[in-house]
Amino acid sequence: MFVAWRDLKFAKGRFALMGTVIVLITLLVGLLSGLTAGLGRQNVSAITGLPVDRIAFDAPGDGQQLSYGDSTVTEEQWRRWAGTPGVTGAEPLGITMTRATAGARGAGVSVFGVEPGSRLAPDGDRITERAAVLSVPAADALGLGPGDAFTLAGQRLTVAAVQGDASFSHTPVIWAGLDVWRKTAPPTGDDGGPAARTATVIALNTTSGADVPAADQAAGTETVSRTDSLSAIGSYTSENGSLQLMRGLLFVISALVIGAFFTVWTVQRGSDIAVLKALGASTGHLLRDALGQAVVLLTGGTLLGTAVAAALGAVVAGSAVPFVLTPGTVLVPAAVTIVLGAVGAALAVRRITSVDPLTALGSAR
Amino acid sequence: MSLQLTDITLTYPDGEDRLTALDRVTLDVPRGSLTAVVGPSGSGKSSLLAVAATLVTPDTGTVTIDGTTTTGMTRGDLTDLRRHKIGIVFQQPSLLASLTAAEQLQVMAHIDGRSPAGARGRAMDLLDAVGLADHAHRRPHQLSGGQRQRVNIARALMNDPTVLLVDEPTSALDQERGAAVIDLIARLTRRRATATVLVTHDRAHLTVADRIAEVHDGRLRLPAGAG
């Protein structure tokens with residue numbers, strides 16, 4: 001790094017320009033990562049927070065995908081799952097989106113219908129036909145506290161408790177009884193038969209002894225892990241996919257920009273490299289020097305960009321912007337930027353191997 | 001002998017033919033002596049230097065540096081040999097723009113895996129030997145052409161080589177500065193006991209050479225009695 005350090009100091013302008021580009025790309029990646037995580041949490045936190053390991057959907061038709069929006073399970077399916085060996089918990093869960101009002105205030109909410117006393121909901125034992133548990137964002141949006149009254153799709157309810165920050169599909173969650181949910185989103189009719197007592201999915205706790213495929217076949221369901229079930233939230237899949245694509249492209253752009261810069265830099269240093277080789281510097285030594293220089297530039301720029309992204313994220317995280325500031329959203333993108341940038345630089349500086357020391361002898365043929 | 005070139009033939013591709021750059025050249029250079037190699041452009045002077053510097057492998061013949069024959073050596077071995085036994089003074093000073101005069105010399109320790117800081121004393125001694133101790137902190141653009149060439153010479157001596165190869169050192173200098181540089185090379189050759197080969201097309205300053213070899217069409221002609 002003897003020459004590399006001095007080059008960094010001597011060619012300040014060029015390296016500062018490149019460093020600024022790295023800072024800006026890292027800043028963009030950092031902000032996008034925090035935003036992706038924040039939007040994702042707004043989309044799925046009610047599902048990822050469920051104390052279950054699997055979700056059973058009504059088996060979709062040919063060519064159809066699993067969907068929380070389309071699935072409807074019956075009491076018969078739920079009973080069958082509850083009686084399956086290896087299943088330690090099977091609870092119906094109804095999900096729908098509607099509007100809640102409290103006085104002059106109103107908000108779009110997701111209603112998660114559970115059986116009274118269900119462990120799926122926070123403070124589930126306080127849920128009744130007339131009382132619901134509100135997530136903090138829902139209570140904030142409606143200006144409600146415990147004991148207050150509100151209207152959910154025409155039904156008058158009271159706030160049993162305010163707990164958690166669950167969101168689903170970018171709306172805050174209200175945990176209500178299944179009967180309330182059924183009246184909010186009447187599924188297939190109200191004839192009093194088995195079809196009237198439905199839910200959206202069945203939330204399952206299973207042990208390794210559960211024969212899930214066989215139970216699915218018997219119940220007419222399709223069961224996936226809780227994590228895999230997130231792809232059944234249409235808005236999450238498309239939104240997350242788009243944001244991840246943008247992030248991935250930024251990583252690629254970062255590597256290409258770094259590679260382009262060090263390609264030009266290496267070409268400009270061609271005569272210096274030839275002289276050093278002629279004087280006895282090994283190719284490996286020169287490669288290490290050049291790559292070390294790239295890593296110093298990358299690390300410095302990335303750390304600065306990440307620090308700025310974290311500072312901006314800390315400012316906006318408490319606001320309405322859905323931004324998640326965690327080591328995962330800050331450090332992982334920084335590490336990926338450094339690694340991919342180093343790969344780009346390595347591909348660029350490898351041309352050092354092809355520099356002929358003979359060219360240092362100006363008049364040599 | 002510290003540098004021995006024995007029956008060296010070097011050819012280059014030239015279209016479908018091959019052009020002979022060196023034709024059965026034999027040259028022995030003892031330590032502490034300066035051999036000037038002169039000849040017109042394209043005669044083979046620089047090819048001779050490139051072979052002696054182990055930068056080009058001849059078609060036939062052997063190169064022996066301080067008792068080590070280079071035939072069959074790997075590229076890495078040749079690089080090591082160059083680093084430890086051969087000093088090269090380039091036609092253009094070829095100094096690194098980001099380094100000071102002292103650092104141009106310290107870099108030789110760096111490429112040898114030693115601490116550049118530990119080589120600072122030797123670098124200052126050599127800069128003093130070439131009359132540039134006061135310019136140690138100057139970068140190449142702050143030095144004159146003659147001063148850059150003297151740094152170039154000091155750098156070539158940094159690893160205490162047994163063979164010093166000098167390529168047209170006066171080509172970018174005026175007569176006065178050129179003469180001073182040639183005198184310096186001659187003095188350092190004797191003081192540091194290097195086997196020095198000085199390639200030049202300028203015969204004006206050759207009185208300091210122990211002998212003068214002429215190259216024409218790739219053939220080396222030495223004065224009678226010289227080996």
Side-chain angles (χ1 to χ4, degrees), chain A residues 1-19 261-262 264-294 296-297 349-350 352-365, chain B residues 10 12 14 19 21 41-42 44-51 53-56 75-76 78-88 90-100 103-104 106-113 115-117 139 152 155-156 158-159 161 165 167-168 171-172 199 201:
Chain A
M1 290 290 290
F2 182 76
V3 178
W5 275 116
R6 283 153 183 80
D7 280 347
L8 282 168
K9 285 189 277 188
F10 183 72
K12 288 188 196 80
R14 269 172 286 187
F15 284 106
L17 192 64
M18 190 62 227
F261 174 81
F262 278 99
V264 174
W265 178 245
T266 306
V267 169
Q268 287 181 337
R269 292 180 62 224
S271 59
D272 287 354
I273 292 164
V275 166
L276 288 170
K277 279 189 169 182
L279 291 173
S282 69
T283 299
H285 175 95
L286 293 170
L287 282 172
R288 283 193 298 277
D289 219 40
L291 200 55
Q293 187 179 56
V296 165
L297 186 68
V349 303
R350 82 187 193 288
I352 285 174
T353 60
S354 62
V355 174
D356 187 350
L358 185 59
T359 58
L361 291 177
S363 57
R365 300 193 61 222
Chain B
L10 176 68
Y12 291 111
D14 183 30
L19 188 68
S41 294
K45 303 189 299 293
S46 291
S47 293
L48 176 76
L49 207 66
V51 169
T54 73
L55 295 173
V56 172
R75 189 177 293 183
L78 290 173
T79 301
D80 288 345
L81 184 71
R82 223 161 37 237
R83 188 163 64 240
H84 295 126
K85 299 287 185 184
I86 302 172
I88 303 174
F90 300 99
Q91 180 175 354
Q92 300 298 327
S94 302
L95 303 180
L96 307 183
S98 62
L99 306 187
T100 65
E103 289 167 347
Q104 305 284 347
Q106 289 173 267
V107 81
M108 295 302 294
H110 173 60
I111 64 177
D112 195 31
S115 161
R139 290 206 166 81
N152 191 11
R155 179 176 65 184
M158 187 62 187
N159 282 351
L165 305 173
D167 184 20
E168 305 267 14
S171 64
V199 164
H201 66 276

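Letters go in sequence order (proteins before strands), and every chain restarts at 1.
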Residue part contacting chain A, namely of B/Leu99, when any heavy atom lies under 4.5 Å: side chain
A/Gln293 and A/Val296, any side-chain heavy atoms less than 4.5 Å apart: no
Within residues 280-289 of chain A, residues adjacent to chain B where the heavy-atom gap is under 4.5 Å: A/Gly280, A/Ala281, A/Ser282, A/His285, A/Asp289
Check: A/Thr266 and A/Val355 side chains under 4.5 Å, non-hydrogen atoms: no
Minimum side-chain heavy-atom gap B/Leu95-B/Arg139 below 4.5 Å: no
Considering all heavy atoms, the nearest B/Phe90-B/Asn152 contact: O-ND2, 2.9 Å
Over all atoms of both residues, closest heavy-atom pair of B/Ser94 and A/Val275: CB-CG2, 3.3 Å
Those residues that, when tested against A/Asp356, pass salt bridge (charged side-chain N to carboxylate O under 4.0 Å, His left out) (two or more places apart): none
Close approach to chain B in residues 6-18 of chain A, criterion heavy atom under 4.5 Å: A/Arg6, A/Asp7, A/Phe10
Region of B/Leu78 that comes under 4.5 Å of a non-hydrogen atom in chain A: neither
Side chain to side chain, B/Leu55 and B/Arg82, heavy atoms closer than 4.5 Å: yes
Most contacts with chain A, counted as non-hydrogen pairs under 4.5 angstrom, among B/Pro161, B/Gly76, B/Ala97: B/Ala97
Set of side-chain hydrogen bond (donor to acceptor under 3.5 Å, both in side chains) partners for B/Asn159, sequence neighbours left out: B/Arg114
Under 4.5 Å from a heavy atom of chain A, the part of B/Met158 involved: neither
Engaged part of B/Ala156 at the chain A interface, taking heavy atoms whose separation is under 4.5 Å: neither
Chain A interface, residue from B/Thr79, B/Leu165, B/Ile111 that has the most non-hydrogen pairs under 4.5 Å: B/Ile111
For A/Ala278 against A/Pro357, the heavy-atom pair lying closest together: N-CB, 3.6 Å
Short side-chain to backbone donor-acceptor contact, B/Gln104 and B/Leu96, under 3.5 Å: yes
Enclosure of A/Arg350 CZ (heavy-atom neighbours >12, cutoff 6.0 Å): no
Considering all heavy atoms, the nearest A/Phe2-B/Gln106 contact: CZ-CB, 3.9 Å
